[in-house]
Amino acid sequence: MSPRSAPPDRNSGSDETGFVRRPGQTVAELIAGYLRWRGVQRVYGLCGGHIQPIWDALARLGVAIIDVRHECAAVYMAHAEAELTGRLAVAMVTAGPGLTNAVTGLANASTSRAPVLLLSGRPPRPQTGRGALQELPQRAIVAPLCRAALTADRAREVLPRLDEAVLAAAGWDAPPGPAYLDFPTDLLTEHLQPRDTAGWVPAPAQPPEILPSPAGLARARDLIAAARRPVVIAGREAAAAGPELARLLADTAIPYLDSGESRGALPADHPSVVSAARGRTMREADLVITLDRNLNFQLAYGSSAAFNPEARFLRVARHASQFADNRRGDVELQCSVPAFVAALADGPGPAKLDEGWTAELREAHVAATRKLAQRAQEIPPGADGFMHPYRLLHEVGRVLEPDAAVVADGGDILSFARVALSARTYLDCGALGCLGVGVPFANAAALLAPGRQVVAVIGDGSFGFTAMEIDTAVRHGLAPVYVIANNQAWNIEKTDQRQRFGGRAVGVDLPGCRYDRLAQSLGAAGRRVTNADELPEALAWAGDHAPAVLDVLVTQDAQSPDSLSGVAVVPPDQALTKWQLTEEGRA
Ligand SMILES: Cc1ncc(C[n+]2csc(CCOP(=O)(O)OP(=O)(O)O)c2C)c(N)n1
Ligand SMILES: [Mg+2]
C-alpha cells in the first residue's frame, strides 16, 4: 500500500457543531444528530411509519426533508447531489415496498459510483419473522448493489453502523457508491443509556488521499517520456482534479478524452479536448492513460479493435476495479487521481510528442464540432414533418448560460444530446443506461443552486417514469426547465425493431400524450412546441415561468449516433457494432 497523507477533513465535524450525545435522547434523535454533525443538510425521502421517528427528529433539528412522490426519485436526487457536490448525500425510505421502490436508484448509484447513504426502517423486533406489515429480506435485496448493507438492532450499534455505512459509501475500501442501513422501528423510540454511545469518537468520513509510490511514479514517468502519441481518458475522480488536470494537459499538450462521468472536468474549449475525434484518438494513441476509469463497454473493453494493439496502458486509480479490468496496464498505479496529477505536474512531459498528430486531432475535433453545430442549425424536419432533435438541441444550446446545469435522459435524445450539448455540469443516465433520472436529477440540481439555470432534455418515454416529480419541484419551489423531446415513441428501440425484425415495431409507440398539460395539472408551466422557429421564444418563456415543461414534437425519422453504432442492438461480443466488425476483420 502506498503511503497516505493527512486525511482531508471534508465530511467531519466536532462535538461542538451540534452532535450531542445526551442520555435520555431517543435513537432517532441520535441518528438525526449524527447526520447533521456529518454536514448533511437535507434528506430525500418518502414518509412511512417505520421511519417516522427519524423523519421527525431530522425536521426538529433543521435538516430539510425533501419529500418526493416515488422512493426511486429520492435516491436519484441523492445521487445527483453526490455527483454535484462530491460529498455523501442521504435518502430515506420506509420498509418493504418503500425499499424495493428505491432499488433501481441504488443500482444506478452503484454503477455511477455515487456516494449515497440510504436509510430505512424494519418491522418492530417482536414481530420480526412473523409476517409483519411490510416485512421483506431488505438487506439481502440491496446487498449486491451496496458497498455495505447493514442493520443496527440495538442502541449501542447505531453509531458504529452509521460510521461503517458512511465510510463504505465514501469509498474507503471500494469505489464510492451506495450504502444501506436499516433499523427496526421500535429501536428508534428507545431512550439512550450512557453506555450506548460510550467509546465512540468523531472521525473523518472522507477517505484519505493515497499518494503514488515513488517507484510507480517513476515507471509512469518513463512511459510518458517515451510516448509519441499519448492520450488521457478521464473517469470519476478526475473531476476532483479539474483545474490541476487542465493545467497539466495545457502544459504537456497531451490530448484528452472525457467519459460520461468526468464530463465537464475540463472546459469544452480546452486545447487538449479532442472528443469529436474519439475513434481516431483511441485507434492511434501509443499510450493510453486512464484516470479512475474502467474499460467498460463505453471504451470497447479496451479492445484492440478500438485501441491501437501496440498501445501501452498506464492505469491510475484508487481502487483495483478501475485499473485492473479488461486490459491490464503496463503500469498500474494505485493512488488518488489528484495526487497523481499533482505529482506529474512537477516532472517533464512527453519528450517525443508527435505534435503533428496532436494538431491534427485538435483540428479534426474543432472541424467536426463546427460541422455538427452547422448541421444542427440547418437540419430539415423528418418525413413526418416534425423537427429533427438536433435542431431542438441547437436552440437549447443557444440559451445555455455559462454555469448552466444540463441533464439528459432518454434513448435517441440522450445520444444526440451527448454530442450536441456542452456544459460544465452535465448529468445523464450513466453507464447503467438508467432511464427516468431526468426530472429528479434536474430537481436536485435546481435545489442545490437556486438561481442557476437548470435545463433537462428528456425523451417522452423516459419522462413518464418520473414525470410526477414535477410536483416535487412545485412544492419545493424549484425552477428547472424540462424539455421533452416528444417523438411519441421509445424511438431508439422502435428503430432497432424495424431494422432487425422485418419492419415490425411492437409496443414502442406512445401517441397523443400532452406533457404540457400534465405539467399544468401539477401547478407547473407547460407549453407545446411544434415549430422550431418558435423555440427561442418558448425557451425564454419557460425560463421565466419555471418549473416549466416544453413538450416539443420531434421527428421519429432521425437515427442517433448510439442507434447507428448499435448500442440498442446489444450484440454479444461488443456493444459497438463498428468496433465489433473491426474485431472480426469485416470493417
Ligand atoms: C429503465 C429502463 N427501461 C428500459 C430501457 C431500454 N430502453 C433504452 S432506450 C429506450 C427508449 C427511450 O425512449 P425515449 O425516452 O422516448 O427516448 P427516444 O429514444 O425516443 O429519444 C428504452 C425503452 C432502459 N434503458 N432503462
Ligand atoms: Mg421518445
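Excluded from the calculations below are hydrogen atoms, water molecules and symmetry mates; all remaining heavy atoms, backbone and side chain alike, are included.
Counting only distance, with no hydrogens or angles, the side chain of Asp409 and the backbone of Gly436 share a donor-acceptor pair below 3.5 Å. Of the possible donor and acceptor atoms, none in the side chain of Ser112 sits under 3.5 Å from a partner among the backbone N and O of Ala114. A donor-acceptor contact shorter than 3.5 Å is absent between the side chain of Thr111 and the backbone of Asn108. Between the Ser120 side chain and the Val93 main chain, a donor and an acceptor come within less than 3.5 Å of each other. Side chain of Glu332 to main chain of Gly329: a donor-acceptor pair is present (N/O by atom type, distance under 3.5 Å, no hydrogens or angles). Looking at Thr290, its side chain never comes within 3.5 Å of a backbone N or O of Ile233 through a donor-acceptor pair. For His50 (side chain) and Thr94 (main-chain N/O), no donor-acceptor pair under 3.5 Å exists by modelled atom type. Of the possible donor and acceptor atoms, none in the side chain of Arg424 sits under 3.5 Å from a partner among the backbone N and O of Asp403. Under a 3.5 Å cut-off, the side chain of Glu237 and the backbone N or O of Asp292 do not form any donor-acceptor pair.
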Set out, in order, the CA-CA distance, both residues' side-chain angles and the distance that settles side chain to side chain contact (heavy atoms under 4.5 Å, CB included) for Leu99 and Leu118, then state yes or no.
CA-CA 9 Å; Leu99 194 263; Leu118 179 66; 3.7 Å; yes
Where do Asp412 and Asn491 land on the side-chain hydrogen bond (donor to acceptor under 3.5 Å, both in side chains) test, with the steps shown first?
CA-CA 7 Å; Asp412 279 326; Asn491 205 48; 3.3 Å; yes
Run Leu35 and Val63 through side chain to side chain contact (heavy atoms under 4.5 Å, CB included) and show every step you take.
CA-CA 9 Å; Leu35 293 176; Val63 176; 5.7 Å; no
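Evaluation of the side chain to side chain donor-acceptor pair (under 3.5 Å) test over residues 431-446, restricted to residues two or more places apart or in two chains, returns Asn443-Tyr482. Residue pairs satisfying the side chain to side chain donor-acceptor pair (under 3.5 Å) criterion with at least one member in residues 58-71, sequence neighbours excluded, are listed as follows: Glu29-Arg60, Asp56-Arg60, Asp67-Arg475, Asp67-His476, Arg69-Asp471, Glu71-Asn101. Within the structure, every pair that satisfies the side chain to side chain donor-acceptor pair (under 3.5 Å) test and touches residues 413-422, not counting sequence neighbours, is listed here: Arg418-Asp562. For residues 259-268, the pairs satisfying salt bridge (charged side-chain N to carboxylate O under 4.0 Å, His left out) are Arg113-Glu261, Glu261-Arg293, with sequence neighbours left out.
In this view, Ala74 and Tyr44, Val68, Ala91 satisfy the side-chain contact (heavy atoms from CB on, under 4.5 Å) rule, not counting sequence neighbours. In this structure Arg452 satisfies the salt bridge (Lys or Arg N to Asp or Glu O under 4.0 Å) test with no other residue, sequence neighbours excluded.
Open room surrounds CG on Asp173; 12 or fewer heavy atoms of other groups in view lie less than 6.0 Å from it.
Note that CG of Leu187 is 7.0 Å distant from CD1 of Ile31, once rounded to the nearest 0.5 Å. The CG atom of Leu478 sits 12.0 Å away from atom CD1 of Ile470, with the distance rounded to the nearest 0.5 Å. Rounded to the nearest 0.5 angstrom, Gln453 CD and Thr425 OG1 are separated by 11.5 Å. Rounding to the nearest 0.5 angstrom, the gap separating the CG atom in Leu119 from the CZ atom in Phe183 is 5.5 Å. Between Arg125 atom CZ and Asp153 atom CG the span is 6.5 Å, to the nearest 0.5 Å. For the atom pair OG1 (Thr151) and CD (Gln138), the distance works out to 8.5 Å, reported to the nearest 0.5 Å.
Residues Asp258 and Tyr426 fail the side-chain proximity criterion, which asks for heavy atoms closer than 4.5 Å.
Classified by interplanar angle (parallel below 30°, tilted 30° to 60°, perpendicular above 60°), the ring pair Trp200/Trp37 is perpendicular.
Ion pairing between Arg122 and Asp186 fails under the 4.0 Å rule for side-chain N and carboxylate O.
Asp182 and Tyr180 are linked by a side-chain donor-acceptor pair at a separation below 3.5 angstrom, with hydrogens and angles left out of the test. The closest side-chain donor-acceptor pair between Arg327 and Ser303, if any, does not fall under 3.5 angstrom. Side chain to side chain, Tyr34 and Asp163 meet the donor-acceptor criterion of an N or O pair below 3.5 Å.
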